[in-house]
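This is a predicted model, so every value here is computed, not measured. Below, chain A is the first sequence line, B the second, and so on; all start at residue 1.
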Number of protein chains: 2
Amino acid sequence: MDPFERSYEVVRRVKKLKDSLHGNMSRLFKEGNLTGPQGMVVGLLFRMGPLKISELSQQMGLSMSTVSGILDRLERDNIVYREKSETDGRVILVKITEEFKKNSKHSFSNMNHRWDKILDLATDEEIDRILEALDILERLVEESRNL
Amino acid sequence: MDPFERSYEVVRRVKKLKDSLHGNMSRLFKEGNLTGPQGMVVGLLFRMGPLKISELSQQMGLSMSTVSGILDRLERDNIVYREKSETDGRVILVKITEEFKKNSKHSFSNMNHRWDKILDLATDEEIDRILEALDILERLVEESRNL
DNA sequence: ACACGAAGCTTCGTATGCGAAGTATCGTAC
DNA sequence: GTACGATACTTCGCATACGAAGCTTCGTGT
């Protein structure tokens, strides 16, 4: 395989992998009429309690402006709401509405549980190999930035 | 690490990796005022000659509707153009404009060359480990679809 | 007190990205 | 030769996604 093909092959596979993970997540959350990112927000809030926008942004690896848009739609559908922090007027705390909490806590934790299972299918050794390979790839991409 | 953390860790890392690759590509192409996907289209056309929309779609792992939009913008900027196939009226052939070819062929092949180099930094053994890990992950995601 | 940079969000413009529905053309069965 | 399913694209509606610019609030220095 020449370098061109090899590079594209890896990029394609990484993309496909990310798509599969994303698609998997989306499919899980779809039962609750949530998209992947929306489900991730709600999952984080269920698990960690109220979060700042910046914390959500950091946890999800997305820019604040993107998170802001996702929250707009979640708020529109009455799933979460924004609340100004009392201690710092700049900060917005995102919380799950009581209504959604009441209606969806059970089914949602169920979804999350199934999501957790995804990697349970792997042996510890396989997990190690995966993380190692991700390390290598990350390093390569990092190094290549200086070419 | 509990299962939740482990799953999210892998997802985050895969996403970060895909972002790095994508960002790297975008940075390279930015010199020619092209976004990542746009650069990929032009790169494929330079390398393989005129292509059908469906072929581009398949090569890039994107839906036809997405490719169609990318082509709209490339056409707007006079970088590529659509041409109806003579043998099959349904088929559209995408070609690079002479203008862009003349102005950008050199710098573009330069970009592509640097892109090729990204994985040259890896040893063959590392490449093998990467592809193996990607295999494992793909298999896991595939299997977990039936949970 | 007040000026002023920094921090936290939102808004805006643009580019992806997808699936569903629509359009045009091709092949084929009849 | 014509009806009709299949194929190749486009269009539409929506949800991400980002960076740049704007707004408000906080801290700090004076």
Side-chain angles (χ1 to χ4, degrees), chain A residues 11-12 15-16 18-27 29-30 32-42 50-77 79-94, chain B residues 11 15-16 18-27 29-30 33-42 50-77 79-94:
Chain A
V11 173
R12 248 201 306 269
K15 181 189 184 308
K16 190 181 149 211
K18 184 239 160 199
D19 289 347
S20 294
L21 285 172
H22 184 273
N24 217 304
M25 215 163 172
S26 301
R27 194 174 42 80
F29 290 133
K30 196 158 193 174
N33 282 316
L34 296 179
T35 66
Q38 288 174 2
M40 198 167 172
V41 166
V42 178
L51 292 173
K52 301 194 284 185
I53 311 260
S54 48
E55 289 170 339
L56 281 172
S57 162
Q58 189 268 321
Q59 283 287 326
M60 300 176 66
L62 299 176
S63 70
M64 284 211 293
S65 60
T66 298
V67 173
S68 195
I70 295 170
L71 292 178
D72 285 346
R73 291 178 285 278
L74 282 174
E75 208 166 11
R76 179 198 63 196
D77 296 343
I79 293 169
V80 305
Y81 61 102
R82 290 165 158 99
E83 204 173 77
K84 226 175 187 174
S85 163
E86 293 174 1
T87 57
D88 187 335
R90 291 169 302 184
V91 171
I92 302 281
L93 283 177
V94 183
Chain B
V11 173
K15 180 189 184 309
K16 191 182 149 208
K18 183 243 163 196
D19 289 345
S20 293
L21 285 172
H22 184 271
N24 217 306
M25 215 163 171
S26 300
R27 197 173 40 78
F29 290 133
K30 194 156 193 177
N33 282 319
L34 295 178
T35 65
Q38 287 173 2
M40 198 166 171
V41 166
V42 178
L51 293 173
K52 301 193 283 185
I53 312 259
S54 49
E55 288 169 339
L56 281 172
S57 163
Q58 189 268 320
Q59 283 286 327
M60 300 175 65
L62 300 176
S63 70
M64 283 210 295
S65 62
T66 297
V67 173
S68 194
I70 294 170
L71 291 178
D72 285 344
R73 291 178 285 277
L74 282 174
E75 208 166 12
R76 179 199 63 195
D77 296 342
I79 292 170
V80 306
Y81 61 101
R82 290 166 158 98
E83 205 173 79
K84 225 173 185 174
S85 164
E86 292 173 0
T87 54
D88 187 335
R90 293 167 301 182
V91 171
I92 302 282
L93 283 176
V94 182

B:E55 meets the salt bridge (Lys or Arg N to Asp or Glu O under 4.0 Å) criterion, sequence neighbours left out, with none

* Assess whether side chain to side chain contact (heavy atoms under 4.5 Å, CB included) is satisfied between B:L71 and B:I92, documenting all intermediate values. => CA-CA 11 Å; B:L71 291 178; B:I92 302 282; over 6 Å; no

5'-most contact on DNA chain D (nearest-nucleotide basis), A:R73 vs B:K52, goes to B:K52

Here the residues of residues 62-72 of chain B within 4.0 Å heavy-atom distance, strictly under, of DNA chain C are B:L62, B:S63, B:S65, B:T66, B:I70

With sequence neighbours left out, the residues meeting salt bridge (Lys or Arg N to Asp or Glu O under 4.0 Å) with A:D72 are A:R82

Side chain to side chain donor-acceptor pair (under 3.5 Å) filter on B:S54, not counting sequence neighbours, yields none

Taken to the nearest whole Å, CE/B:M60 to P/C:dC18 is 10 Å

With sequence neighbours left out, the residues meeting side chain to side chain donor-acceptor pair (under 3.5 Å) with B:Q58 are none

Sorted by chain and number, sequence neighbours left out, side chain to side chain donor-acceptor pair (under 3.5 Å) with B:S65 holds for B:S63

Query raised in the report: Would B:L62 and B:L56 count as a side chain to side chain contact (heavy atoms under 4.5 Å, CB included) if you check the C-alpha gap in whole Å, the side-chain angles of each, and the deciding distance to 0.1 Å?
Result: CA-CA 8 Å; B:L62 300 176; B:L56 281 172; over 6 Å; no

**Study point:** N or O in side chain of B:R76 less than 4.0 angstrom from C:dA15 OP1/OP2
**Key:** yes

Sorted by chain and number, sequence neighbours left out, side chain to side chain donor-acceptor pair (under 3.5 Å) with B:D88 holds for B:R90

Hits for side-chain contact (heavy atoms from CB on, under 4.5 Å) against B:L93, two or more places apart or cross-chain, chain-then-number order -> B:K52

When you compare the protein's N or O atoms with those of nucleotides 21-25 of chain C, which come within less than 3.5 Å of each other, and at what distance?
residue: C:dT25; atom: O3'; partner: B:G89; partner atom: N; Å: 3.4

Chain B vs DNA chain D, heavy-atom contacts under 4.0 Å, first-to-last nucleotide span, 5' to 3', is D:dT7 to D:dT11

Is the closest side-chain heavy-atom distance between A:L51 and A:V41 below 4.5 Å? no

